[in-house]
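The structure appears right after this line, and notes come after that.
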Protein chains: 2
Amino acid sequence: MQKQNFLTKNQQIVLDLVEKSSQPLKAYSILFNVQKKGLKAPLQVYRALDKLVEIGKIHKIESRNAFVACKNSNCVVSNATAFSICESCEKVTEINNSKLSKYLSNFEDNSGMKYSKYNLEFFGLCKKCKNK
Amino acid sequence: MQKQNFLTKNQQIVLDLVEKSSQPLKAYSILFNVQKKGLKAPLQVYRALDKLVEIGKIHKIESRNAFVACKNSNCVVSNATAFSICESCEKVTEINNSKLSKYLSNFEDNSGMKYSKYNLEFFGLCKKCKNK
DNA sequence: TAATTTATTGTTATATTATAACAATGTGTA
DNA sequence: TACACATTGTTATAATATAACAATAAATTA
């Protein structure tokens with residue numbers, strides 16, 4: 001059996017929901033929203049999320065325990081992610097800046113460690129909240 | 001009452017433990033280890049951790065839900081943190097690279113957002129694990 | 001096609017991480 | 001001393017995530 005290159009029913013249901021949302025969704029909020037589609041247990045959601053993260057269709061916002069769809073149409077693997085997070089309204093935006101990603105992907109220090117992946121989260125106030 | 005500029009007993013107990021550890025500690029592992037010192041409930045640990053993170057004495061490794069002592073003696077506020085994490089042995093090291101921190105602290109994009117804080121986590125294999 | 005293998009599913013239970021609420025105590029300031 | 005307010009201790013519970021295992025489905029190969 002070769003590695004699955006399509007989405008299963010549960011994965012598709014979860015992905016559809018996350019893609020429809022403009023903001024990160026929490027696992028149990030996803031669960032609540034897909035119960036009418038037959039996903040009744042947390043594990044069904046977590047398993048779908050795990051796979052979707054693995055193949056890069058969604059990202060986990062670690063500091064928020066929440067999930068967003070990847071906005072880069074070319075996103076195949078999620079080995080380089082950067083987000084901005086508004087600490088007031090919690091709006092999260094994926095940062096798509098080639099200079100930044102190039103800089104971080106090529107980053108090396110004297111630890112002898114080879115970095116294959118990174119996740120960066122910026123915090124601050126978004127335009128709207130700044131002007132309040 | 002002015003803002004506290006010293007550590008309370010509970011905070012000091014938790015900090016001592018985290019500083020002694022060479023690796024990140026989980027909250028409930030901290031709890032287990034400080035029970036003989038009188039901290040019996042999770043909240044006592046979480047409250048101490050919250051304050052210690054706030055004043056920059058320790059950092060939270062978000063992707064691991066674990067806490068490490070800040071290794072920069074000059075660390076006052078923890079608004080700029082970067083770590084390397086070995087995905088095999090889970091060794092975590094705080095990255096202290098002024099070029100990197102300068103680059104990220106000055107990072108701006110066209111979102112109109114002012115970034116006051118960031119957290120970066122690199123993943124890969126450490127020297128030891130790479131050679132296995 | 002049948003047998004084999006492997007991935008995925010459904011399900012129950014439980015582990016892990018974190019916070020709400022509130023009374024009691026301590027500490028700085030007026 | 002009286003007050004304001006931060007911190008503490010405590011119980012209960014919320015929120016996040018995984019273990020274990022039987023059942024089902026899909027790909028492989030004989």
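Labels below follow one simple rule: chain letters A, B, ... track the order of the sequence lines, proteins then strands, and each chain is numbered from 1.
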Hydrophobic cluster partners of A:Leu125 (side-chain heavy atoms under 4.5 Å):
none
How is the hydrophobic cluster of A:Phe32 composed, in terms of its other members, when Ile, Leu, Val, Met, Phe, Trp and Tyr link through side-chain heavy atoms under 4.5 Å apart, directly or indirectly?
none
For B:Lys127, which residues count as a salt bridge (charged side-chain N to carboxylate O under 4.0 Å, His left out) partner, sequence neighbours excluded?
none
Got a sec, which residues hit salt bridge (charged side-chain N to carboxylate O under 4.0 Å, His left out) with A:Glu19, two or more places apart in sequence or on another chain?
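So A:Glu19 forms no salt bridge (charged side-chain N to carboxylate O under 4.0 Å, His left out) with any residue.
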In this structure, how many angstroms lie between the [atom2] atom of [N] and the [atom1] atom of [X], rounded?
X: A:Lys51; N: C:dT6; atom1: NZ; atom2: C1'; answer: 12 Å
X: A:Asn10; N: C:dT11; atom1: CG; atom2: P; answer: 11 Å
X: B:Ile61; N: C:dT17; atom1: CD1; atom2: C1'; answer: 16 Å
X: A:Arg64; N: D:dT16; atom1: CZ; atom2: P; answer: 13 Å
X: B:Glu62; N: C:dT17; atom1: CD; atom2: P; answer: 13 Å
X: A:Phe67; N: D:dA17; atom1: CZ; atom2: C1'; answer: 9 Å
X: A:Asp50; N: D:dT16; atom1: CG; atom2: P; answer: 15 Å

Exceeds 12 heavy-atom contacts within 6.0 angstrom, atom NZ of A:Lys130:
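Yes, because the 6.0 Å sphere around NZ of A:Lys130 holds more than 12 heavy atoms from other groups.
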Of the options D:dA27, D:dA17, C:dG10, whose atoms approach the side-chain atoms of A:Lys60 most closely?
D:dA17
Which of D:dT16, C:dT9, C:dT17 is nearest the side chain of A:Thr8? It is C:dT9
Using a cut-off of strictly less than 4.0 Å, decide whether A:Asn65 has a side-chain nitrogen or oxygen near OP1 or OP2 of C:dA18.
no
Holding to side chain to side chain donor-acceptor pair (under 3.5 Å), I want the full list of residues that pass it with [X], two or more places apart in sequence or in another chain.
X: A:Lys117; result: B:Glu87
X: B:Glu121; result: B:Ser63, B:Asn119
X: B:Asp50; result: none

State yes or no: are the ring centers of B:Tyr103 and A:Tyr103 separated by less than 6.0 Å?
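That pair passes the under 6.0 Å test.
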Report the end-to-end axis angle of the helix from C:dT1-D:dA30 to C:dA30-D:dT1; each axis comes from five terminal pairs, and the value is rounded to 10°.
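Comparing the axis at each end, I get an angle of 30°.
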Residues within residues 20-48 of chain A bordering DNA chain C, heavy-atom distance below 4.0 Å
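Close to the strand are A:Lys40, A:Ala41, A:Leu43, A:Gln44, A:Arg47.
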